[in-house]
Structure formats: C-alpha cells, structure tokens
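I have placed the structure first, in the form of structure tokens, so that the comments after it can refer back to it.
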Amino acid sequence: MDRETSLLKEHLYQLEEKLLKSEVCSSPEELSLLLKDDFFEFGSSGNIWSKSDRNTSK
C-alpha cells in the first residue's frame, strides 16, 4: 500500500471512530461537520437512519 493510501485509510478510520463517541453523536454541530446532508445508514435491525435522525436520536 502506498503512503497516500495509508494516510487516507487512517484518516477515514479516525473519522469513523469520532462517530462512535457519544459527545459527537449528540452534537448536531459535530455531526454537521462529519456527515453530508444526504447521509443515510442501514442498521443491523434493518432500520434506515438519515443525518437528521442521528441529530435527534441521542
């Protein structure tokens, strides 16, 4: 793996780790910086969440 790919991988990993922190998940300002407006995710339960759901779910 080249250096650029390695740095990108580490950066993405750090951003994902931020989303696991309760202080980030409960902050609309922090989420606004990390998630695009059209963000959505599929949970293991089959539920689908959008950015606005994440802003209000905590």
Side-chain angles (χ1 to χ4, degrees):
M1 183 175 348
D2 67 7
R3 179 168 165 69
E4 187 175 313
T5 301
S6 181
L7 290 173
L8 178 58
K9 184 178 177 180
E10 179 61 28
H11 180 69
L12 292 173
Y13 183 80
Q14 289 173 359
L15 292 173
E16 284 287 336
E17 281 192 321
K18 281 185 178 184
L19 290 172
L20 298 175
K21 296 179 180 179
S22 61
E23 63 269 16
V24 173
C25 287
S26 62
S27 169
E29 295 82 18
E30 288 288 331
L31 285 176
S32 181
L33 295 172
L34 293 171
L35 303 176
K36 291 184 62 156
D37 289 338
D38 61 354
F39 166 86
F40 68 93
E41 67 180 320
F42 296 96
S44 59
S45 64
N47 290 332
I48 302 172
W49 288 277
S50 68
K51 179 179 178 177
S52 62
D53 294 330
R54 291 206 53 157
N55 282 335
T56 60
S57 65
K58 304 286 183 202

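Here the structure is a predicted model, which is why all the values come from computation and not from measurement.
For E17, the CD atom counts as densely surrounded, since its 6.0 Å shell holds more than 12 non-hydrogen atoms of other residues, nucleotides or ligands. By the neighbour-count criterion of 12 heavy atoms within 6.0 Å, atom CG of D38 is densely surrounded, having more than that number from other residues, nucleotides or ligands.
K51 approaches K36 most closely through the heavy-atom pair CD-O, 3.3 Å. Nearest heavy-atom pair across V24 and L31 is O-CG, 3.7 Å.
Counting only distance, with no hydrogens or angles, the side chain of S26 and the backbone of S22 share a donor-acceptor pair below 3.5 Å.
The distance from atom CD of E30 to atom NZ of K18, rounded to the nearest 0.5 Å, is 6.5 Å. Rounding to the nearest 0.5 angstrom, the gap separating the CG atom in D37 from the OG atom in S52 is 9.5 Å. For the atom pair H11 NE2 and E16 CD, the distance stands at 11.0 Å (nearest 0.5 Å).
By the rule that hydrophobic residues join a cluster once side-chain heavy atoms approach within less than 4.5 Å of another member, W49 and F40 end up as members of separate clusters. Residue L33 is not grouped with residue L19 when hydrophobic side chains (ILVMFWY) are merged at heavy-atom distances under 4.5 angstrom, including chains of intermediate members.
Contact of the R3 side chain with the L7 side chain is registered, since non-hydrogen atoms from C-beta on lie closer than 4.5 Å.
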